[in-house]
2 protein chains.
Amino acid sequence: MTHQTVGHPARPGLPDDPRANVTEPTPSCPVEITLAALHGRWTTLVIREFLQGDRTFTELRRALPALSDKVLSDRLAHLTEAGVLDRRRHPGWPPRVHYTLTPHGRRLGPVLQALWDWGTQHQPLPPAEPQ
Amino acid sequence: MTHQTVGHPARPGLPDDPRANVTEPTPSCPVEITLAALHGRWTTLVIREFLQGDRTFTELRRALPALSDKVLSDRLAHLTEAGVLDRRRHPGWPPRVHYTLTPHGRRLGPVLQALWDWGTQHQPLPPAEPQ
DNA sequence: CTGAATCCCTGCCGATACTG
DNA sequence: CAGTATCGGCAGGGATTCAG
């Protein structure tokens, strides 16, 4: 089955988009864009927090105690730059910063859901005997 | 919007599963399982090849010329161990090995589609002015 | 033909200490 | 409170060489 009808209904592949024809990893590929947004340890857990509402730095630190300040700061900056989070500094003392999902960030819900669903269907195979 | 109705229809969050309550990255989390399967440079491009049909080592090498033998070998072994690919050695000479998506691997189609879709909706933000 | 072994280089992550 | 600066360890990825 080397060839495949292009017009096949319920086609399991990806869209017929010029960006789907790349032959090496490139940042302009939509899949790479999304994986770049999700990139890094802790990132999906941070996003999960925001799917329940906005958060401050300290609230996140309490929710994810094993996450260091530096990495949390990195993740928030990264997600903000990726257009996933909106950063809002509140005036006064003590300084408070609220982060919220942008509309674009909220659309990561279905993405994480897809990742979740595949993972739940995963049954680890018994180690294949050498043939 | 700190609180949210649990029973909200079309809930954008993740399932009410005990595994969703982890407070640190753990390999048993379904999201981590899927990201682990997709992990590594070139991995999604390799999977894309298989969504069009089975492939041999050499066919993949031709389709992705900038991918080194070692990394291709790593990816194939990794995806096989993750239950995504099925590895079948053919007897005779020269040795030939065919790789095919398992049923489980075929279910990665919707996952890649979700990643693709989010990425296409992505419009890079102009660099935010410091507030 | 299909890999495995080795080497080097880079970038991520964590820990710690410090600042507006 | 919400970060930044710095450092070290380690794993990933590429190039090259060797093997079944």
Side-chain angles (χ1 to χ4, degrees), chain A residues 2 23-27 32 35-47 49-50 54-82 85-100 128 130-131, chain B residues 23-27 29 32 35-47 49-50 54-82 85-100 128 130-131:
Chain A
T2 314
T23 63
E24 53 186 301
T26 159
E32 298 283 336
L35 289 178
L38 300 179
H39 174 258
R41 204 155 118 92
W42 295 96
T43 304
T44 53
L45 286 177
V46 170
I47 294 172
E49 289 301 313
F50 284 109
D54 62 333
R55 294 284 189 273
T56 66
F57 194 93
T58 302
E59 287 170 343
L60 288 164
R61 184 156 49 187
R62 272 199 296 259
L64 305 170
L67 172 55
S68 75
D69 284 7
K70 180 222 176 191
V71 175
L72 175 54
S73 180
D74 287 352
R75 292 299 170 267
L76 293 171
H78 175 240
L79 290 171
T80 301
E81 192 175 359
L85 292 180
D86 190 35
R87 183 181 190 271
R88 198 164 303 174
R89 303 192 337 172
H90 289 245
W93 190 266
R96 293 242 169 208
V97 182
H98 270 74
Y99 293 89
T100 321
Q131 31 175 334
Chain B
T23 63
E24 53 186 300
T26 160
C29 169
E32 297 282 334
L35 289 178
L38 300 179
H39 173 258
R41 204 155 118 92
W42 295 97
T43 304
T44 53
L45 286 178
V46 171
I47 295 171
E49 289 302 313
F50 284 110
D54 63 332
R55 294 284 188 274
T56 67
F57 195 93
T58 303
E59 287 170 344
L60 288 164
R61 185 157 47 187
R62 271 199 297 260
L64 305 169
L67 172 55
S68 75
D69 284 6
K70 180 226 180 189
V71 174
L72 175 54
S73 179
D74 287 352
R75 291 300 170 266
L76 293 171
H78 175 239
L79 289 171
T80 301
E81 192 176 0
L85 291 181
D86 189 34
R87 183 181 191 272
R88 197 165 304 175
R89 303 192 337 172
H90 289 245
W93 190 267
R96 293 239 169 211
V97 183
H98 270 75
Y99 293 89
T100 321
Q131 31 174 336

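These figures come from a predicted structure and were not determined experimentally.
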Note to self: Please pick, from C:dG3, D:dG3, D:dT16, the nucleotide with the shortest atom-to-atom distance to any side-chain atom of B:R87.
What the structure shows: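 Looking only at side-chain atoms, B:R87 lies closest to C:dG3.
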Checklist line | Proximal nucleotide (of D:dG13, C:dA15, D:dA2) relative to the A:S68 side chain | finding: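 Closest nucleotide among those given: C:dA15.
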Check: Reckon B:R75 touches a base, only the sugar-phosphate, or nothing at all at heavy-atom distances under 4.0 Å?
Finding: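 Result for B:R75 = sugar-phosphate.
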Item checked: Partner of B:R55 by side chain to side chain contact (heavy atoms under 4.5 Å, CB included), out of B:L60, B:V97, B:T100 ->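 Of B:L60, B:V97, B:T100, side chain to side chain contact (heavy atoms under 4.5 Å, CB included) with B:R55 is met by B:L60 alone.
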Notebook entry, point to check: About how many Å separate OH of A:Y99 and CZ of A:R89, when rounded to the nearest 0.5 Å?
Noted result: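 Here the interatomic distance stands at 10.0 Å.
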Margin query: Tell me every residue that passes side chain to side chain donor-acceptor pair (under 3.5 Å) with B:R61, counting only those two or more places apart in sequence or in another chain.
Written below: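 Counting only residues at least two positions away or on another chain, B:R61 forms a side chain to side chain donor-acceptor pair (under 3.5 Å) with B:D69.
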Margin query: Let's see if you can work this out: which of D:dC1, C:dC12, D:dT4 has an atom nearest to the side-chain heavy atoms of A:T58?
Written below: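 Looking only at side-chain atoms, A:T58 lies closest to D:dC1.
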Next item on the list: Check the distance between C:dT2's P and B:R61's CZ and give it to me in whole angstrom.
Entry: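 Computing the B:R61:CZ to C:dT2:P distance gives 7 Å.
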Next item on the list: Please state how far atom CZ in A:R88 lies from atom P in D:dA2, giving the value in whole angstrom units.
Entry: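 After rounding, the reported distance stands at 15 Å.
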Margin query: Taking the minimum atom-to-atom distance to the side chain of B:T56, which one of C:dT2, C:dA5, D:dA2 wins?
Written below: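 Closest nucleotide to the B:T56 side chain: C:dT2.
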Margin query: Please tell me whether A:R75 and A:T43 have a donor and an acceptor in their side chains that are separated by less than 3.5 angstrom.
Written below: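 There is such a pair (donor and acceptor under 3.5 Å, judged by atom type) between the side chains of A:R75 and A:T43.
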Notebook entry, point to check: Base, sugar-phosphate alone, or nothing: which one does A:W93 contact when heavy atoms must sit under 4.0 Å apart?
Noted result: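 No contact.
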Margin query: From NZ of A:K70 over to P of C:dT19, roughly how many Å is that when rounded to an integer?
Written below: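 Roughly 18 Å, once rounded to whole Å.
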Next item on the list: Write down the distance between CG (A:L72) and C1' (D:dA2), rounded to a whole number of angstrom.
Entry: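 For the pair A:L72 CG and D:dA2 C1', the rounded distance is 9 Å.
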Check: Nearest of C:dT2, D:dG3, D:dC1 to any side-chain atom of A:P95?
Finding: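 The answer is D:dC1.
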Notebook entry, point to check: Of the nucleotides C:dG3, D:dG3, D:dA2, which has the atom closest to the A:S73 side chain?
Noted result: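 For A:S73, the side-chain atoms sit closest to D:dG3.
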Next item on the list: Taking only the side-chain heavy atoms of B:V97 (C-beta and beyond), determine which of C:dG20, C:dA15, C:dG3 contains the nearest atom.
Entry: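 Per side-chain heavy atoms of B:V97, the pick is C:dG3.
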Item checked: Atom-to-atom span, CZ of A:R96 to P of D:dA2 - whole angstrom ->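 So the two atoms are 6 Å apart, to the nearest Å.
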Notebook entry, point to check: Atom CG of B:D74 and atom C1' of C:dT6: how far apart are they, to the nearest Å?
Noted result: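 For the pair B:D74 CG and C:dT6 C1', the rounded distance is 13 Å.
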Notebook entry, point to check: When the distance from NE2 of A:H78 to C1' of C:dC12 is rounded to whole Å, what number comes out?
Noted result: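 The distance from NE2 of A:H78 to C1' of C:dC12 comes to 12 Å, rounded to the nearest Å.
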Margin query: From NE2 of B:H90 over to C1' of C:dC1, roughly how many Å is that when rounded to an integer?
Written below: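 Rounded to whole Å, this separation is 13 Å.
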Checklist line | Nucleotide of D:dG3, C:dT2, C:dG14 approaching A:W42 most closely (side-chain heavy atoms) | finding: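 Given the options D:dG3, C:dT2, C:dG14, the side chain of A:W42 is closest to C:dG14.
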Check: Roughly how far, to the nearest 0.5 Å, is CD of B:E24 from CG of A:L64?
Finding: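 If we round to the nearest 0.5 Å, A:L64:CG and B:E24:CD are 9.5 Å apart.
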Item checked: Out of C:dG20, C:dT2, D:dG13, whichever nucleotide has its closest atom nearest the side chain of B:R41 ->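 Selected nucleotide: D:dG13.
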